[in-house]
There are 2 protein chains.
Amino acid sequence: MPPARGDHDARRRDVSEAVWRVLVTRGFGGLTLRAVAAEMDASTGLLTHYFPNKRALLRTALEILAQRSEDRPRRTAPAEGLAALRTALLDVLPLTPESAAANRIWVSSWDVALADPELAAEHAERYRRSRERLSGHVAAAQRRGELPATAATADLAAAAQGFALGLVVQSLFAPAEFPAERQIALLDDWLTTWRNAAPGPADPPAAGSG
Amino acid sequence: MPPARGDHDARRRDVSEAVWRVLVTRGFGGLTLRAVAAEMDASTGLLTHYFPNKRALLRTALEILAQRSEDRPRRTAPAEGLAALRTALLDVLPLTPESAAANRIWVSSWDVALADPELAAEHAERYRRSRERLSGHVAAAQRRGELPATAATADLAAAAQGFALGLVVQSLFAPAEFPAERQIALLDDWLTTWRNAAPGPADPPAAGSG
DNA sequence: ACGGGTGCATAACAAACGTTTGGTAGGTAC
DNA sequence: GTACCTACCAAACGTTTGTTATGCACCCGT
């Protein structure tokens with residue numbers, strides 16, 4: 001039996017957290033084994049002991065990133081329908097410094113991910129799942145008459161995710177222009193507009209035909 | 001007088017295009033002087049002859065990226081108001097392979113940009129200008145009653161840009177799920193929903209109440 | 001036609017990179 | 001106590017990075 005089996009996973013988590021800290025300050029372009037090792041006052045030998053190569057380290061870093069996004073202290077749970085959708089989107093936005101750091105890493109990861117088909121597929125899968133989760137809330141909201149039932153559920157979910165993602169990017173580059181209150185206000189305006197379209201005061205001229 | 005004055009700028013453009021091609025396939029993480037040199041069948045000596053260092057090369061690469069976005073064959077011009085806003089957003093979306101490549105590079109650039117305050121500031125400025133351009137169309141649409149006058153012009157412009165940016169990211173990672181027609185449909189649904197909110201089911205049209 | 005400066009390749013450079021190796025400390029099993 | 005396995009360090013490996021130095025070929029004004 002290995003002497004310290006439980007320590008193994010804990011150590012891996014230590015490494016991942018050091019990776020996290022490096023990514024926050026230097027991005028993926030500055031992610032090197034030496035930087036990570038220095039960040040945790042260790043040697044590169046330690047890293048290679050727990051990860052076969054840099055790619056594996058990077059992969060688990062992205063997993064940690066995804067997990068942190070899921071395990072992050074959720075704002076609420078009991079809400080349903082449109083309120084639940086709002087909550088889910090609020091959880092994504094960089095409203096706090098911690099969330100801003102996490103989002104910063106997310107955005108940075110898109111460079112490596114887009115350059116590597118395998119990583120791109122994993123990222124795509126994550127966003128697909130996120131969209132499915134949102135779809136659940138959208139569907140509930142549609143049943144409750146809080147969102148227009150005429151629109152496709154998946155389309156509304158995609159629009160919601162897109163709106164949140166875009167707002168994240170804008171906020172990261174111009175934090176002064178997009179303080180937390182404004183991000184929330186923009187989201188609420190958007191949700192309200194869509195909810196007001198729910199009963200539908202009749203939309204004959206809507207005409208999606210370009 | 002230099003023997004080939006016109007050639008100089010032309011050569012710089014050649015280099016920039018090679019940079020472009022490298023970025024499309026390998027992203028900013030794979031942008032090296034040797035890769036660029038090989039891409040244009042030249043040596044690294046040529047690169048250093050036209051650019052003092054890699055940072056300068058990267059900087060002009062980002063400028064080329066911005067310029068290409070501006071010089072790209074615009075869809076139309078005569079449109080005004082909501083139609084102009086729609087056109088401007090359509091110009092951003094990755095509806096064609098070329099636009100997808102350009103957007104891919106945009107997204108990739110966020111990693112280097114976020115890690116470098118100077119580049120981040122330049123990026124932020126570009127997005128701010130883009131938002132201002134959109135604001136012009138939004139304001140016109142509001143005057144025409146095509147968008148709710150109750151909402152702040154800047155907020156609507158920010159929401160529009162956010163929506164487009166987020167849709168770009170989603171489309172890049174899941175091109176199969178977001179073909180051009182769906183991107184357009186999502187955008188039109190979004191615009192239509194907002195336009196239907198313009199007269200306001202409870203608000204008198206164009207009433208300027210505080 | 002001929003010197004001078006430009007345009008660029010060739011080649012070297014130190015630094016930093018990911019990875020590999022040899023070895024030590026300390027715990028567990030027998 | 002002996003054998004062994006895990007955890008880890010220190011150092012070195014060969015490669016790739018950005019940058020610099022040297023030298024040749026061409027075009028130009030004179």
Side-chain angles (χ1 to χ4, degrees), chain A residues 1-23 25-62 108-109 111-113 115-116 118-119, chain B residues 1-23 25-62 108-109 111-113 115-116 118-119:
Chain A
M1 256 195 171
R5 174 79 128 274
D7 270 1
H8 191 75
D9 291 350
R11 218 80 180 88
R12 275 178 69 101
R13 220 165 305 134
D14 289 347
V15 174
S16 297
E17 283 179 15
V19 170
W20 179 272
R21 264 173 277 138
V22 170
L23 288 179
T25 55
R26 307 190 225 183
F28 279 83
L31 179 67
T32 68
L33 295 188
R34 282 166 174 75
V36 175
E39 182 68 38
M40 61 189 298
D41 282 325
S43 68
T44 64
L46 183 148
L47 301 179
T48 62
H49 184 70
Y50 288 99
F51 300 91
N53 51 34
K54 183 183 179 181
R55 201 183 145 75
L57 181 62
L58 197 148
R59 169 91 46 102
T60 62
L62 291 181
S108 284
S109 75
D111 181 30
V112 261
D116 185 319
E118 205 170 343
L119 296 180
Chain B
M1 256 193 175
R5 174 84 126 295
D7 271 0
H8 191 74
D9 292 350
R11 219 78 180 88
R12 275 179 69 101
R13 221 166 306 135
D14 288 347
V15 174
S16 297
E17 283 179 15
V19 170
W20 179 271
R21 265 173 277 137
V22 169
L23 288 178
T25 55
R26 308 190 224 183
F28 279 83
L31 179 67
T32 68
L33 295 187
R34 282 167 176 80
V36 174
E39 182 68 38
M40 61 189 297
D41 282 324
S43 68
T44 63
L46 183 149
L47 300 179
T48 63
H49 185 71
Y50 289 98
F51 299 91
N53 51 35
K54 182 183 180 181
R55 199 184 148 74
L57 181 62
L58 197 148
R59 170 86 50 99
T60 61
L62 291 180
S108 282
S109 77
D111 182 31
V112 261
D116 186 318
E118 204 171 343
L119 297 180

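Note on naming: letters A, B, ... go to the chains in the order of the sequence lines (proteins, then strands), and numbering restarts at 1 for each one. These figures come from a predicted structure and were not determined experimentally.
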Atom-to-atom span, [atom1] of [X] to [atom2] of [N] - whole angstrom:
X	N	atom1	atom2	result
Leu33(A)	dC8(D)	CG	P	16 Å
Arg12(B)	dG7(C)	CZ	P	12 Å
Lys54(A)	dT19(C)	NZ	P	8 Å
Phe28(B)	dT17(D)	CZ	P	17 Å
Asp41(B)	dC8(C)	CG	P	14 Å
Leu47(B)	dA11(C)	CG	C1'	16 Å
Asp14(A)	dA7(D)	CG	P	13 Å

Minimum-distance nucleotide to [X] side chain [options: [options]]:
X	options	result
Thr32(A)	dT19(C), dC17(C), dG18(D)	dC17(C)
Ser43(A)	dT20(C), dC8(C), dA10(D)	dA10(D)
Tyr50(B)	dT20(C), dC8(C), dG18(D)	dC8(C)

Contact summary for [X] and [Y], nearest pair of heavy atoms:
X	Y	value
Tyr50(A)	Arg11(A)	OH-CG, 3.3 Å
Ser108(B)	Gly27(B)	OG-CA, 4.3 Å
Ala35(A)	Arg26(A)	CB-NH1, 3.9 Å

May I ask you to say what [X] touches in the nucleic acid, namely base, sugar-phosphate or nothing, with a heavy-atom cut-off under 4.0 Å?
X	result
Leu46(B)	sugar-phosphate
Leu31(B)	sugar-phosphate
Thr48(A)	base

Taking atom types as they are modelled, would you say the side chain of Arg34(A) forms a donor-acceptor pair with the base of dG18(C) within the 3.5 Å cutoff? yes
Short side-chain N/O contact from His49(B) to OP1 or OP2 of dC8(C), under 4.0 Å: no
Tell me whether the OP1 or OP2 atom of dC8(D) has a side-chain N or O from Arg11(A) closer than 4.0 Å.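 Yes.
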Using a 3.5 Å distance criterion without hydrogens, assess whether the side chain of Asp111(B) forms a donor-acceptor pair with backbone atoms of Val112(A). no
Glu118(A)/Arg55(A) ion pair, N-O < 4.0 Å: yes
